[in-house]
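These notes concern the structure reproduced below.
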Amino acid sequence: MRQLAIISGKGGCGKTTLTAAFSSLSENAVLADCDVDASDLPLILKPQVIKREDCLGLKLASIDPELCNGCGICLEMCRFGAVLENFTINPYSCEGCAVCTVACPENAVSLIPRVSGQVVSSITRFGPMAHAKLGTGEEASGKLVNMVRKKAEELADKYSCKLILIDGPPGTGCPVMAAITGTDLVLVLSEPTVSGLHDLKRAIKLTSHFRIPTVACINKYDINEKKSLEIEAFCKNSGIPLLALLPYADITTEAMMKEETVIEYSVHSGTSGAAEFANIVRNLWSEIETRLLETSQKEMYSKTLKAWEP
Amino acid sequence: MKIAIASGKGGTGKTTVAVNFALALEDVQLFDCDVEEPNCNLFLGFDLEPVEEVTCLVPEINPDWCTLCKNCASFCKYNALAALPNKILSFPSLCHGCGGCRHVCPAESIEEKPRPIGMIEKTSSKNSLTFFRGILDIGEVMATPVIRALQRHIDESRPVILDSPPGTACPALAVMGCADYCVLVTESTPFGFHDFLLALEATRALKVPAGVVLNRDGIGDSRVEDFCRAEGIPILLRIPDERMIARLYSEGIPFIKEMPEWKEKFKNILKTINTVTCKSKGV
Ligand code: SF4
Ligand code: SF4
Ligand code: SF4
Ligand code: SF4
């Protein structure tokens with residue numbers, strides 16, 4: 001089974017639109033929406049939910065008013081300002097560190113489990129999908145991303161799919177690391193803006209740290225051609241294949257309004273701009289497929305070689 | 001008056017709104033609280049000077065006194081301490097600085113030492129705009145303490161604009177929760193609307209009044225507007241989907257610098273906010 005992750009240094013640069021388009025081009029893939037903070041892929045793919053499972057986050061302190069004598073020790077000891085004046089807990093501040101539970105002389109505080117989100121398995125018109133829903137104030141944790149990926153792997157086994165398409169979270173933090181570790185290829189989506197190159201560099205630093213083959217593409221390259229050239233030059237120098245330049249096009253929004261992927265939309269919209277955009281995405285996808293195949297062949301060879309070793 | 005500029009997800013134009021808004025008003029403070037990606041200064045280009053190092057207290061174990069009872073390691077909820085047969089190993093980058101290990105150590109062999117996790121910077125004073133920002137060091141996870149440290153520099157007697165982190169996780173709530181008003185930046189598309197609802201839910205949970213700036217107005221449909229009208233949420237400003245604005249953004253130029261007619265429109269946001277908040281206070 002192959003895994004492809006699509007990431008970008010910053011949110012809102014077309015990552016989900018592209019993942020959705022790939023899902024309609026790939027045959028036999030499972031989708032893993034790991035952008036758990038703002039999970040938008042379901043808005044296009046209209047998943048039918050098969051199963052929901054709770055994801056437990058860090059625990060939450062809870063004070064039993066029957067036992068509490070109001071001594072104020074917990075309030076003094078909590079370093080996160082989570083104990084309020086009336087000796088209740090602010091759930092958005094509590095980090096579940098448990099200091100109050102051991103500090104309280106009356107044993108009035110206990111830690112209770114808290115549900116930080118749900119992991120959902122679904123079926124879409126392009127195949128199975130794993131995604132998640134976070135509660136307000138909950139951190140997009142590496143743990144939740146791992147759960148989504150594990151669900152996706154289970155779905156891939158069940159429906160014998162050969163590929164997992166991962167819509168990664170924005171940024172370069174813990175959730176992103178969880179989304180790319182162990183994948184076969186990472187596509188970094190970049191934008192020619194004042195922070196675009198900087199974000200791209202950070203993303204590539206991460207993928208090279210994990211030694212994952214990486215390719216890039218630029219979205220809205222024609223917004224600022226000078227900055228696009230800088231990105232191109234950087235990719236060339238650092239040996240990152242730049243697979244596509246996507247133009248600034250209304251089709252992405254139009255397709256989104258119709259709740260379709262750009263590929264689906266281009267088929268019936270009839271405008272040449274839409275068809276052109278869809279073709280660029282198609283070419284990008286076939287480039288990626290070739291590379292995924294290459295990595296799988298390499299792996300196969302090295303396995304065969306290992307088997308031959310005396 | 002503290003105004004947070006927020007959005008359910010990154011890339012909606014939050015920083016653009018914060019920077020242009022601050023430049024349009026006179027005598028305001030701008031605080032870049034998006035400590036993981038503090039991008040405001042890419043548009044401002046100010047010279048910054050360090051103000052304060054933000055630290056987190058991490059345990060330091062004195063091996064001579066440690067009895068290897070393992071209390072500390074079994075207490076730590078973040079796996080920042082591991083008990084080996086002959087010593088306690090600490091992983092400072094996982095530590096949240098709760099101080100619990102020291103509290104439970106029977107041998108008093110734990111001391112706490114500050115470890116840098118980020119930085120607060122500000123403009124050198126000659127600018128008319130007071131600008132502060134917090135930076136979380138790369139690889140660190142504790143954004144909220146940096147935000148809290150940054151907020152301690154707010155001069156409460158003057159209006160302040162806070163560029164909030166995107167999303168609705170702890171760091172974003174720490175910013176929105178301290179504000180008197182929240183400006184939610186969104187686009188009227190299915191994605192934009194969905195992310196906007198997440199952010200709105202957060203402001204409601206925090207009981208902070210909110211208004212909307214519609215970015216890239218003209219694309220998509222009227223779903224955000226219809227919703228706001230039905231719910232009585234003011235639309236404070238519409239920024240059209242103009243290539244010129246996108247281009248200035250890509251260059252790192254705040255668009256009111258090139259399009260001064262926008263100054264008045266941004267100033268009006270503050271007027272609207274003042275009116276709404278007075279009304280809700282019953283003044
Ligand atoms: S568990 Fe920790 S963060 Fe939560 S209230 Fe207790 S001391 Fe504060
Ligand atoms: S330490 Fe215990 S008894 Fe004292 S105020 Fe807190 S909960 Fe109540
Ligand atoms: S201070 Fe808290 S988080 Fe840090 S090592 Fe000690 S128990 Fe763990
Ligand atoms: S709690 Fe104190 S004495 Fe016990 S293992 Fe930890 S440092 Fe050593």
Side-chain angles (χ1 to χ4, degrees), chain A residues 8-14 16-17 35 37-40 42-44 58-59 77-81 90 92-93 95-99 101-103 111 134-140 170-174 191-196 198-199 202 205 220 223-224 226-227 248 250 253-254 256-257 259, chain B residues 7-13 15 36-37 39 42-43 57 75-78 96-100 103-104 138-141 143-145 148 166-174 177 187 189-195 198 201-202 204-206 216 219-221 241 243 246-247 249-253:
Chain A
S8 63
K10 202 168 150 272
C13 67
T16 302
T17 302
D35 191 352
D37 257 322
S39 170
D40 287 339
L43 299 178
I44 299 289
L58 280 170
K59 290 185 173 163
M77 293 289 288
C78 174
R79 295 206 178 150
F80 306 101
N90 175 354
Y92 300 130
S93 302
E95 304 227 352
C97 71
V99 165
T101 62
V102 291
L111 289 183
L134 263 187
T136 304
E138 300 293 342
E139 220 60 62
T172 46
C174 196
E191 253 186 0
T193 60
V194 59
S195 65
H198 169 81
D199 294 341
R202 290 204 348 174
K205 209 163 153 194
K220 303 186 190 163
I223 279 284
N224 190 324
K226 197 170 133 250
K227 289 233 156 33
Y248 185 75
D250 295 332
T253 318
E254 286 161 14
M256 193 203 292
M257 298 311 299
E259 291 165 350
Chain B
S7 65
K9 136 178 224 182
T12 56
T15 302
E36 285 175 72
E37 296 273 338
N39 277 346
L42 288 175
F43 297 88
L57 288 174
F75 177 82
C76 182
K77 293 287 172 286
Y78 313 105
H96 286 220
C98 70
H103 186 82
V104 299
I138 292 190
E140 298 294 339
V141 291
T144 314
R148 297 250 182 258
T168 53
C170 287
L173 295 191
E187 301 172 356
T189 60
F191 289 6
F193 184 55
H194 172 249
D195 302 333
L198 293 176
E201 200 180 311
R204 287 184 169 167
L206 295 164
R216 300 186 62 211
I219 61 163
D221 56 13
D241 182 34
R243 231 187 143 93
R247 189 170 180 97
Y249 171 82
S250 74
E251 298 279 355
I253 301 170

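Order of the sequence lines sets the chain letters (A, B, ...), proteins ahead of strands, with each chain counted from 1.
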Atom NZ in A:K227, atom OG in B:S250: separation rounded to 0.5 Å?
-> 6.0 Å

Non-hydrogen side-chain atoms of B:I219 and A:M256 separated by less than 4.5 Å = no

With sequence neighbours excluded, what pairs up with A:F80 under the ring pair (Phe, Tyr, Trp, His ring centres under 6.0 Å) test?
-> none

For B:D221, is it the side chain, the backbone, both, or neither that has a heavy atom closer than 4.5 Å to a heavy atom of chain A?
-> both

Could you check which of A:L43, A:D35, A:T253 has the highest count of heavy-atom pairs closer than 4.5 Å to chain B?
-> A:L43

Relative to chain A, which of B:H96, B:E201, B:E140 shows the most heavy atom pairs under 4.5 Å?
-> B:H96

Report the distance from atom OG1 of B:T168 to atom CG of A:L134, rounding to the nearest 0.5 Å.
-> 7.0 Å

Working to the nearest 0.5 Å, report the span between CZ of B:F75 and SG of A:C97.
-> 6.0 Å

A:P170 versus chain B, heavy atoms under 4.5 Å apart: side chain, backbone, both or neither?
-> neither

Distance (rounded to the nearest 0.5 Å) between B:F191 CZ and A:E259 CD | 9.5 Å

Please report the shortest heavy-atom distance between B:R148 and A:S93, naming the atom on each side.
-> NH2-OG, 4.2 Å

What part of B:T12 gets closer than 4.5 Å to chain A, counting heavy atoms only: side chain, backbone, both or neither?
-> neither

Okay, B:I253 and chain A: the region with an atom under 4.5 Å from a heavy atom over there is neither

Residue pair B:P190 / A:M257: nearest heavy atoms and the distance that separates them = CD-SD, 3.5 Å

Taking every heavy-atom pair that is under 4.5 Å apart, which of A:A98, A:G196, A:G81 has the most such pairs with chain B?
-> A:A98

Can you name the nearest heavy-atom pair linking B:R243 to A:Y248, along with the distance?
-> NH1-CD2, 3.5 Å

Interface moiety of B:H103 toward chain A, non-hydrogen atoms closer than 4.5 Å = side chain

Partners passing ring pair (Phe, Tyr, Trp, His ring centres under 6.0 Å) against A:Y92 (at least two apart in sequence or in another chain) = none

Residue part contacting chain B, namely of A:S8, when any heavy atom lies under 4.5 Å = neither

Which portion of B:L42 sits near chain A, non-hydrogen atoms under 4.5 angstrom | both

OG1-NZ distance between A:T16 and B:K9, expressed to the nearest 0.5 angstrom | 4.5 Å

Only one of A:I223, A:V194, A:N224 passes side chain to side chain contact (heavy atoms under 4.5 Å, CB included) with B:E251, and that residue is A:N224

Given that the side chain runs from C-beta out, which part of B:P166 has a heavy atom under 4.5 Å from chain A: side chain, backbone, both or neither?
-> neither

Nearest 0.5 Å, what's the NZ-CZ distance between A:K220 and B:R247?
-> 14.0 Å

Looking only at B:G13, B:C170, B:A246, most heavy-atom pairs under 4.5 Å shared with chain A are made by B:C170

